[in-house]
Amino acid sequence: MDGVQIATSVLTLIAGVGIFLIACTMMSSNLEALGSKKLKKLFAKTSKSKLVGVGVGAATTAAIQSSSATSVMTIGFVNAGIMSLPQAATVIFGANIGTTITGQLVALGMFGGNTISSSVILATLAGIGAFILAFTKKDRAQKIGGILAGFGMLFVGLSMMSGAMSYFSELEEIRTFLALFKNPFLLVIVGALLTALVQSSSVMTSMAITMVVTGLISLNQGIYITMGSNIGTCATALIAGLTSTRNAKRTALIHLIFNVSGVIVFMLIGLFMRFGKIDYGWLFQKMFPDAPQLQMSMFHTIFNLITVVVVLPLTNPLVKLVTKLVPDKKERKKENEPRFQCLEEHMLATPPIAAMQVKNEVTNMARIANENFNLACELVCTLDYDKIELFRNNEKTLDFLNREINRFIAKLLEADLGEKDRMYLFTAIRSASDLERVGDYAENLTEYADKLKEIDGAFSPEAVTEITDLKETVNRLFDIVLEIYKDNSAERLSEALQIEESIDAVTEQMAQRHIGRLERGECTPEIGAQYLSLAANVERIADHYINVAKTVKVYA
């Protein structure tokens, strides 16, 4: 036994695993950034049906090459309250199907025989991708280059792992030692622990395929290790769920129960087959003769498909079970405590989706700001303080959102994002500030109401009508601005600008009418001062709404 060769093979194996992990990360981040629009549309469809949820989970995981990332992202949506537990469950089921794509790619790369290995041919994509990265500066081309480089490196790592394991398979001592691991339960535990360690079922499955192809372990051993990898991949989601809301903990638990259930079902089937003196290895060798790589990858795919078919009809009972296992505690809830409606820290794991949710959160902030504008107008016209607590809570929320959206965006900008998403996020910081200023001007309106109450005064019926008309015009402007912002409808910007100009004209007319009322003695100077200040503040609110609409020109 040559010590130098053993050391070289061990180091080559470690290097191969490292390159494979880096390749998965490169592919994941670039595919995610390039397909961000499609990912956003996919997640918007999760509420349609269970099958759609499974399809979304499978497509997302196939696109970003990480079931763990999909699961963590799903936990983020549940934690933010924008995805229900049944919806999250179906997405997680689908993620397990999507993750089988990597195994199929690895199997494809191990064909070749006496010709040039397909792994070598596919590995050349690493060089093509590297050339694209080196000689182009366009964002889309850079992403495509990153995908090709990552895809090619996947097979470079695979070749290195295969080479190292081929040497180990020639050593009788190692084969004898590995042959001792025949107990299915022990193999499942080994697979689960190793997957939890590397935090990637794709890597573990690919290593198992390579070990089977090189003869280092039997097909049956590889199959049970692959089963264990499905349990080990839950570790990331469980860790994410520990620091989250109860529903997020339940989502992580659904992931674990789903994968463990599949393993239990297949372990029982395997135990039953033993009575007939057959096993999974024999069965898949008959199904896919002379192709050990295909035998392994197809088992992984069939295992996950059958598990989904078995568990999907049980989604609602599964949700009820995890709700009992993680019950709601009777706690004093701070109902008025400001919080995000659409954002959650775990969403940072998938930057394009997080950018989409930033837009949704800013939209939510806009609605709160406009609600406070309407509440302030109502208050100053009626001097009825019944809704003042709602106003104050909204104001606290606006301050919170302005601060926390900026903090979230700062973290998000550290990630690998497409140019449009990055440009949007810079404008979102400004938009949040504009909307917070809308809240401040609305607060000024309530102070004018306080001053009117102090002097036992009130606006005349004519002034109240003018304020009401102005409010309706601003609301019309807000509706158009919100549509522009949500849908990137830059073509409607001219319409919004016309309304904003009409608001400027109306406030000038309000000042002239006020002077007329003063001359006729229908209004006192003290009340008139509040009226003029109100008109000026409303004009500034319209200006801030226009600022939000104009950001579309930067990134649309």
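Note that the coordinates shown come from a computational prediction; the quantities given were computed from them, not determined experimentally. Hydrogens, waters and symmetry mates are skipped; everything else that's a heavy atom, side chains included, is used.
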With the side chain counted from C-beta on, respond yes when [X] and [Y] share a heavy-atom pair under 4.5 Å apart, and no when they do not.
X      : Y      : answer
Val308 : Asn304 : no
Arg250 : Leu325 : no
Tyr424 : Val554 : no
Val538 : Ile467 : no
Glu371 : Leu390 : yes
Leu452 : Glu447 : no
Val506 : Met510 : yes
Asp384 : Glu378 : no

Under 3.5 Å donor-acceptor, [X] side chain and [Y] backbone:
X      : Y      : result
Ser502 : Ile499 : yes
Thr99  : Asn96  : no
Asn360 : Cys342 : no
Asn537 : Ser533 : yes
Glu539 : Asp504 : no

Closest approach of [X] to [Y] (non-hydrogen atoms, all atoms of both residues):
X      : Y      : answer
Ala458 : Ile527 : O-CD1, 3.5 Å
Val358 : Leu412 : CG2-CD2, 4.1 Å
Ile503 : Leu477 : CD1-CD2, 3.9 Å
Ala415 : Arg422 : O-NH2, 2.8 Å
Ala496 : Ile546 : O-CD1, 3.6 Å
Thr507 : Ala535 : CG2-O, 3.6 Å

Trace of the side chain to side chain contact (heavy atoms under 4.5 Å, CB included) decision for Asp469 with Thr473: CA-CA 6 Å; Asp469 290 343; Thr473 305; 5.5 Å; no
Test side chain to side chain contact (heavy atoms under 4.5 Å, CB included) applied to Leu51 and Leu312, step by step: CA-CA 9 Å; Leu51 285 176; Leu312 187 61; 3.8 Å; yes
Examine the side chains of [X] and [Y] and answer whether a donor and an acceptor come within less than 3.5 Å of each other.
X      : Y      : answer
Lys359 : Asn488 : yes
Glu361 : Asn364 : yes
Asn475 : Glu472 : no
Glu436 : Ser433 : no
Asn259 : Asn230 : no

Check [Y] with [X], please: is the shortest side-chain N to carboxylate O separation under 4.0 Å?
X      : Y      : answer
Glu345 : Lys411 : yes
Arg437 : Asp440 : yes
Glu495 : Arg492 : yes
Asp399 : Arg403 : no
Glu395 : Arg392 : no

Pairwise ring-ring contact (aromatic ring centres under 6.0 Å, His included) hits with a residue in residues 432-491, at least two apart: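 Non-adjacent pairs meeting ring-ring contact (aromatic ring centres under 6.0 Å, His included): Tyr441-His544, Phe459-Tyr531, Phe478-Tyr545.
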Qualifying ring-ring contact (aromatic ring centres under 6.0 Å, His included) pairs with a residue from residues 396-422, counting only residues at least two apart or across chains: Phe340-Phe400
Pairwise distance [atom1]([X]) to [atom2]([Y]) - rounded to 0.5 angstrom:
X      : Y      : atom1 : atom2 : answer
Leu445 : Asp450 : CG    : CG    : 11.0 Å
Asn444 : Gln530 : CG    : CD    : 11.0 Å
Leu425 : Asn406 : CG    : CG    : 11.0 Å
Thr427 : Lys553 : OG1   : NZ    : 12.5 Å
Leu401 : Ile368 : CG    : CD1   : 5.5 Å
Thr315 : Leu85  : OG1   : CG    : 11.5 Å

Trace of the side chain to side chain contact (heavy atoms under 4.5 Å, CB included) decision for Asn547 with Thr551: CA-CA 7 Å; Asn547 287 345; Thr551 61; over 6 Å; no
More than 12 heavy atoms from other groups under 6.0 Å of CZ on Phe131: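 Not more than 12 within 6.0 Å, no.
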Within 6.0 angstrom of Lys471 NZ, more than 12 heavy atoms from elsewhere: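 Enclosed.
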Test side chain to side chain contact (heavy atoms under 4.5 Å, CB included) applied to Asp434 and Val438, step by step: CA-CA 6 Å; Asp434 277 311; Val438 169; 5.8 Å; no
Test log, rule salt bridge (charged side-chain N to carboxylate O under 4.0 Å, His left out), inputs Arg407 and Glu404: CA-CA 5 Å; Arg407 182 190 61 79; Glu404 293 302 309; 2.6 Å; yes
